[in-house]
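Nothing fancy with the numbering, it's 1 onward along the sequence. Below, all heavy atoms of this structure are taken into account, side chains as well, without hydrogens, waters or symmetry copies.
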Amino acid sequence: MAMEVTQVLLSAQSIDGTVRNHAEESLKQFQEQNLPSFLLSLSGELANDEKPIESRKLAGLILKNTLDAKEQHRKFELVQRWLALDPTVKSQIKACLLQTLSSPIPDARSTASQVIAKIAGIELPQKQWPELIGSLLSNIPQQPTHVKQATLETLGYLCEEISPDTVDQAHVNKILTAVVQGMNANEGNNDVRLAATRALYNALGFAQANFSNDMERDYIMRVVCEATLSPELKIRQAAFECLVSISSTYYEKLAPYMQDIFNITAKAVKEDDEPVALQAVEFWSSICDEEIDILEEYEGEFTGDSEISCFYFIKQALPALVPLLLETLLKQEEDQDQDEGAWNIAMAGGTCLGLVARTVGDDIVPLVMPFIEENISKPDWRQREAATYAFGSILEGPSPEKLIPTVNVALQFMLNALTKDPNNHVKDTTAWTLGRIFEFLHGTALATPIITEANCQQIITVLLQSMKDVPNVAEKACGALYFLAQGYEEVGPSCPLTPFFQEIVQTLLIVTQRGDAGESRLRTAAYETLNEVVRCSTDETTPMVLQLVPLIMGELHKTLEGQNLSSDEREKQSELQALLCGCLQVIIQKLGSSEPTKHIFIQYADQIMGLFLRVFACRTATVLEEAMLAIGGLAYAIGPDFAKYMVEFYPHLEMGLQNFEEYQVCAVTVGVVGDICRALEDKILPCCDGIMTQLLKNLSSNQLHRSVKPPIFSCFGDIALAVGENFEKYLMYAMPMLQSAAELSAHSSGADDEMTEYTNSLRNGILEAYSGIFQGFKNSPKTQLLVAYAPHILQFLDSIYMEKDMDDTVMKTAIGVLGDLADTLGSNAGSLIQQSLSCKDFLDECLSSEDHMIKESAEWAKLAITRAISVGIAMFKSPASLQVVTNSCISTT
């Protein structure tokens, strides 16, 4: 087999399907029957310069895929499999790969670089292959340029694969020295310089110590800035990408370089090719992101304890930066509105301008308004569109007080432009800007409304008229109406849209039927807007919402009748089914939220459920998610009567819980189990064994995406709350799972933001489970069963309080669990709570919280704890002790 691998690899790329399939099967069998020989054959093929480049590239790709996978569980399996290989085999493979770095064939070198990095990503954290970095670095000084280039590329990929703490500082210094020297203007070979610049991009995360040293940092920054002036476009682009990364990774070190960087970026934006200019703009967008995050975190109040200060780079650069960005807005492309993935310098400039507005607030308005006034009425469409785009971009950030006077003047002008401007680009941007006005400057919270009785009808008339325009303009008009409706969601019993409700709904339904509704997301936008209009509807328009039910059901029914569809038609059909299920979900929620409408709506429940069950035949994730969500809404609306659907629905519920691959479907299904528990209460019991078995399996699996696990724990609480003391049979399985997860989540110090967020999500799921279990067992003779678990739960509460990194949601749930524990276990909880390390401090902190929901939960918890301790002491008939013990745990102030 090893002798034939070249031909098999070539056959695996054949245009003849039969030949290709046979070759793929042969490769699969070879791998399964003798993995070491398979890997050695592939590495030998890649290293052999006499072999065809096509077979060598595929050999490298297959080799890489035997080491890595997107799915975490599969990646783990592949890593373990590699580590278990005979060391001699691994050494031979690695020798072949290192040899390939000297190949005269660029594709072979590049593929070998990636595979070496993958192996390094596995072995270096295990303290294996310690000689690798030294071996690579020795390639750089004396070797031919193509070997130097391949080595730098490998170092770049290596830095991408491993974490900084895997490499000691001495090696980091050597890697950075080699990379920065390769970037130097003295390096005569552009391929080497490009590989070095790209390698630096990946190595920046390793350079913390080097960026803390003034001399080393100055040298790195000088070399990067020089590389932005290279004659080679790709090197300039890569150098600016390094600057963008530096701006976020080392923001606090940038002050000495900002004037030079402004000059470099301004020159690139004005004069350079678009790929370079885009990165130059991205640098300023990245600085905005950093300063927005800092200002939001510290709310502008910096003290000596603040981890990082805001240097206000954007505010300082404002007088020069804003004109630079405004200039980019005039560089539009003719077809940018039709291309969904379009990205050009004008769009980048507008996006950056929007971020600048969010960073500096009111200060941007006087700098942008002259540009708008000068260009908004010019005969050249580019100037009118740029002025409109500039206006729309600065609507988030400045205060309403600063913007509303201008918006009131501009609104009439924009409504006219939306219907009368001869250019579609201008109309597209005008409709988008109106949407931004309604999103940020309209709603019940604003003291001065911009939409009044005087202009409301004209606004709606113009938007509905624009929905007949070309798809991209119509889609933006739908978006504007969406935000207009959203601003009225909490307006109360009377809504200014009510008189226009029927006309709006009819127009949106017509848009969904347009022959070109598939372009520019138009159909999706129309249904999303219809959903929002239904959400903000009032009792007065309920009859019209009810009329939508059979209409949307009819549309969904039509999608289920299609036979012999092409793959393209099936994809479009699935998109439509998802939109229709989503629309029905919103209607169900609206009509199910009040008794009179719920009663009328229930007549459709059987038909709707029948349609949803048929939709499950479609295996598209988005459709399954939307159908599941809609069923959750239906269960909530019709309550215990949902039990009659469980026999038919249960197999689909189980399938959803088993859908590890499309984990979002699994997560939604877990949420629907909670909805059904709340609807059916103890009528869910016949399904509980199956549901709990599957949920426990899911928690034990390393194949399921971690984001689904917190909702599963919450679901335990929903089930316990629904079935009460009948949850007893699951305690012996659920509680150890909860305890194990609690121990894992209790200590997350030093984790990054993403991990902290996940840990808090996990804690909240665990706490919601405990809360549901305590409440489910309350007043049951079986509460004694929970006493054994109470010490661990209190220990968990102590540990997360001590960590000091819980968010408000966890704090509210945690103090609620403390109250639930005391409320359910009563006297059994009293002495345990007294022994808690932090009960009193935690309670005091929650009682003084500015969040009224946390404070409310804490007040209830305090009462429950006081009662529990009182009952416990009363049993010993010792009133004097009562005061002492109560004071020891509960602050009486």
- Count the heavy atoms of every other residue, nucleotide or ligand shown that sit under 6.0 Å from NZ of K855, and state whether that count exceeds 12. no

- Between L584 and L548, is any pair of side-chain heavy atoms under 4.5 Å apart? no

- Message: Check this for me, if you would: do D820 and K778 make a salt bridge, where the nitrogen-to-carboxylate-oxygen distance has to be below 4.0 angstrom?
- Response: no

- Message: Assess whether a salt bridge exists between E575 and K572, defined as any Lys/Arg side-chain N lying under 4.0 Å from an Asp/Glu carboxylate O.
- Response: no

- Given salt bridge (Lys or Arg N to Asp or Glu O under 4.0 Å), test E561 with K558 step by step and report yes or no. CA-CA 5 Å; E561 298 303 301; K558 279 184 207 170; over 6 Å; no

- Taking all non-hydrogen atoms of both residues into account, name the closest pair between I552 and Y527 and its distance. CD1-CE2, 4.3 Å

- Task: Take the angle between the ring planes of F616 and F649 and call it parallel below 30°, perpendicular above 60°, tilted in between.
- Result: tilted

- Query: Do E532 and R535 sit within salt-bridge range, that is, some charged N less than 4.0 Å from a carboxylate O?
  - Reply: yes

- Could you tell me whether E859 and K862 have a side-chain N and a carboxylate O separated by less than 4.0 Å? no

- Message: Tell me whether K812 is salt-bridged to D808, with the criterion being a basic N under 4.0 Å from an acidic carboxylate O.
- Response: no

- Query: How many angstroms lie between SG in C536 and NZ in K590, if you round to the nearest 0.5 Å?
  - Reply: 7.5 Å

- Query: Has D851 got more than 12 heavy atoms of other residues, nucleotides or ligands less than 6.0 Å from its CG?
  - Reply: yes

- With under 30° as parallel and over 60° as perpendicular, where do the rings of F774 and Y770 fit, or are they tilted in between? tilted

- Message: More than 12 heavy atoms of other residues, nucleotides or ligands under 6.0 Å from CD of Q573: yes or no?
- Response: yes

- Message: Please determine whether the number of non-hydrogen atoms from other residues, nucleotides or ligands lying under 6.0 Å from atom CD of Q513 exceeds 12.
- Response: yes

- Message: For Y733 together with Y730, are the ring centres under 6.0 Å from each other?
- Response: no

- Flag if over 12 foreign heavy atoms under 6.0 Å of OH, Y789: yes

- Query: For atom CD of E489, is the number of surrounding heavy atoms from other residues, nucleotides or ligands below 6.0 Å larger than 12?
  - Reply: yes

- Does the side chain of H792 pick up a donor-acceptor pair with the side chain of E743 at under 3.5 Å? yes

- So, for S574 and V623, which heavy atoms are closest and what is the spacing to 0.1 Å? O-CG2, 3.1 Å

- Task: Sequence neighbours left out, what passes side chain to side chain donor-acceptor pair (under 3.5 Å) with E662? Give chain and number order.
- Result: N659

- Q603, CD: over 12 other non-hydrogen atoms inside 6.0 angstrom: yes

- Salt-bridge present (D807, R763; N to O < 4.0 Å): no

- Give a yes or no on whether E648 atom CD has more than 12 heavy-atom contacts from other residues, nucleotides or ligands under 6.0 Å away. no

- Message: For the residue pair T524 / E528, report whether a side-chain donor-acceptor contact shorter than 3.5 Å exists.
- Response: no

- Message: Looking at T813, is its backbone amide N or carbonyl O close enough to the side chain of N764 to form a donor-acceptor pair, meaning the two atoms are under 3.5 Å apart?
- Response: no

